[in-house]
Protein chains: 2
Amino acid sequence: MLSKKSQYAFQALGFLAERYLQGPVLIAEISRKKKIPLKFLENILLELKKEGVLESKKGKGGGYFLASDPAKIKVASIIRLLDGPIAMLPCVSLYFYERCKNCNEKSCGLHDMMLEVRDATLKILEHRSLNDLVSK
Amino acid sequence: MLSKKSQYAFQALGFLAERYLQGPVLIAEISRKKKIPLKFLENILLELKKEGVLESKKGKGGGYFLASDPAKIKVASIIRLLDGPIAMLPCVSLYFYERCKNCNEKSCGLHDMMLEVRDATLKILEHRSLNDLVSK
DNA sequence: TTATTAGTCTACAAAGATAGTAGGATATCT
DNA sequence: AGATATCCTACTATCTTTGTAGACTAATAA
């Protein structure tokens with residue numbers, strides 16, 4: 001399951017995608033509209049900023065906004081930033097790979113199965129962007 | 001990611017699938033062959049027994065064995081028993097469903113996306129059995 | 001230049017999950 | 001009775017999750 005952090009992040013990012021190119025949005029507004037605990041949201045947005053997903057402006061008229069076109073920001077990449085691996089096993093993870101101790105990957109049924117799951121999952125998540133979070 | 005518990009469980013279940021109908025297998029043997037901490041494995045197998053996946057016999061000549069044909073035991077059901085939901089969001093889970101507070105499911109982009117992921121995942125895991133864990 | 005606004009940063013804390021371990025109780029076989 | 005092997009409860013240590021607190025910094029406007 002996605003963590004609360006990721007779930008909140010997607011709600012916030014969806015909101016920011018709707019407001020893309022319309023100037024900075026206050027943390028407090030996102031918090032209010034999306035019912036996300038303010039201080040928790042602060043931390044999440046800050047993290048997304050450090051990872052280059054968001055930009056911000058301080059002071060009056062400030063707030064957060066997407067660093068790039070929402071169509072270019074993949075859902076898969078956000079999950080990886082905040083929750084880590086998408087795969088169900090370390091030995092089938094693209095970005096967080098770790099070797100299995102006990103099985104050799106050439107002949108491990110579980111490995112093959114989870115590789116299939118990973119591919120099916122990424123086929124979806126790598127082709128969905130923040131624009132897909134915007135309700136039409 | 002699957003927990004260590006699930007990962008160990010699949011190794012043990014794969015081993016028991018290979019030995020199906022060949023009599024009880026000792027916890028100690030599984031622990032040794034699959035390099036799983038003995039006492040941890042005890043707990044896992046006991047849980048799987050309580051859930052009806054395994055049966056056991058005490059005393060000399062005892063041990064664990066599959067309660068039914070490995071071809072009939074779905075990988076998806078084992079994950080649910082030990083780790084809980086397979087879906088990435090509570091609101092798209094079949095067996096652990098919980099309503100979203102903030103989004104309505106009719107028009108939530110994330111909901112739709114994660115529903116797709118769930119379906120793609122289950123399409124694989126619901127059609128794989130313990131026999132698929134046995135190396136050929 | 002001072003007050004206000006709004007994000008930045010570090011640290012902390014409570015609760016829960018994870019990954020085990022310990023040791024005695026119970027059932028079964030010889 | 002004694003050996004074997006699972007059963008069961010409880011415990012612990014560590015990590016992760018889900019936040020909260022409060023001081024700091026930057027930008028704006030009066």
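Here is the naming used below: chain letters follow the sequence lines, and residue numbers restart at 1 for every chain. These numbers come from the heavy atoms of this one structure, side chains and all, not from hydrogens, waters or symmetry mates.
- Comparing D:dT4, D:dG19, D:dC8 by their nearest atom to the side chain of B:Glu42 picks out D:dC8.
- Annotation: proximity of residues 77-92 of chain B to DNA chain D (heavy atom, distance under 4.0 Å) is found for no residue.
- Residue contacts for B:Leu26: at a heavy-atom cut-off of 4.0 Å it reaches the sugar-phosphate backbone alone, with no base atom in range.
- For the 3.5 Å distance criterion, the side chains of A:Ser129 and A:Lys74 fail to qualify, holding no donor opposite an acceptor.
- The CD-P distance, from B:Glu55 to C:dT28, rounds to 13 Å in whole Å.
- The CG atom of A:Leu125 lies 7.0 Å from the CE atom of B:Met113; values are rounded to the nearest 0.5 Å.
- In the set D:dG19, C:dA19, C:dC9, the nucleotide with an atom closest to the side chain of A:Pro37 is D:dG19.
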I'd like to know whether B:Glu126 forms a salt bridge (Lys or Arg N to Asp or Glu O under 4.0 Å) with B:Arg80, so could you lay out the CA-CA distance, the side-chain angles of the two residues, the decisive distance to 0.1 Å, and finally the verdict.
CA-CA 11 Å; B:Glu126 294 283 15; B:Arg80 287 192 190 102; 2.9 Å; yes
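- Taking a cutoff of 4.0 Å between a charged side-chain nitrogen and a carboxylate oxygen, B:Glu29 and B:Lys34 do not qualify as a salt bridge.
- Rounded to whole Å, atom P of C:dA22 lies 18 Å from atom CG of B:Leu46.
- The shortest distance between the side-chain N/O atoms of B:Tyr8 and the OP1/OP2 oxygens of C:dG20 is below 4.0 Å.
- In this entry the distance linking CZ of B:Phe40 with P of C:dA22 reads 14 Å, nearest Å.
- The base of C:dT21 sits within donor-acceptor range of the side chain of B:Asn43, with an N or O pair under 3.5 Å.
- Residue A:Lys39 is the one, among A:Lys39 and A:Gly59, whose nearest nucleotide of DNA chain D lies closer to the 5' end (criterion: closest heavy atom).
- Heavy-atom contacts from other residues, nucleotides or ligands closer than 6.0 Å to CD of A:Gln22 number more than 12.
- Separating the CD atom of A:Glu29 from the P atom of C:dG7 is a distance of 11 Å, rounded to the nearest angstrom.
- Distance B:Leu45 CG to C:dG20 P: 14 Å, rounded to the nearest Å.
- Taking atom CG of residue A:Leu54 and atom P of nucleotide C:dA6, one finds them 18 Å apart after rounding to whole Å.
- Along DNA chain D, the nucleotide nearest A:Lys5 and the nucleotide nearest A:Lys58 are compared for position; the residue whose nucleotide lies closer to the 5' end is A:Lys5.
- The shortest distance between the side-chain N/O atoms of A:Lys57 and the OP1/OP2 oxygens of D:dT28 is below 4.0 Å.
- Rounded to whole Å, the distance from CE on A:Met1 to P on D:dT17 is 13 Å.
- Between B:Phe40 and B:Tyr8, the ring centre distance stays below 6.0 Å.
- Using a cut-off of 4.0 Å between Lys/Arg side-chain N and Asp/Glu carboxylate O, A:Glu42 and A:Lys39 are scored as salt-bridged.
- Rounded to whole Å, the distance from CG on B:Leu41 to P on C:dT18 is 18 Å.
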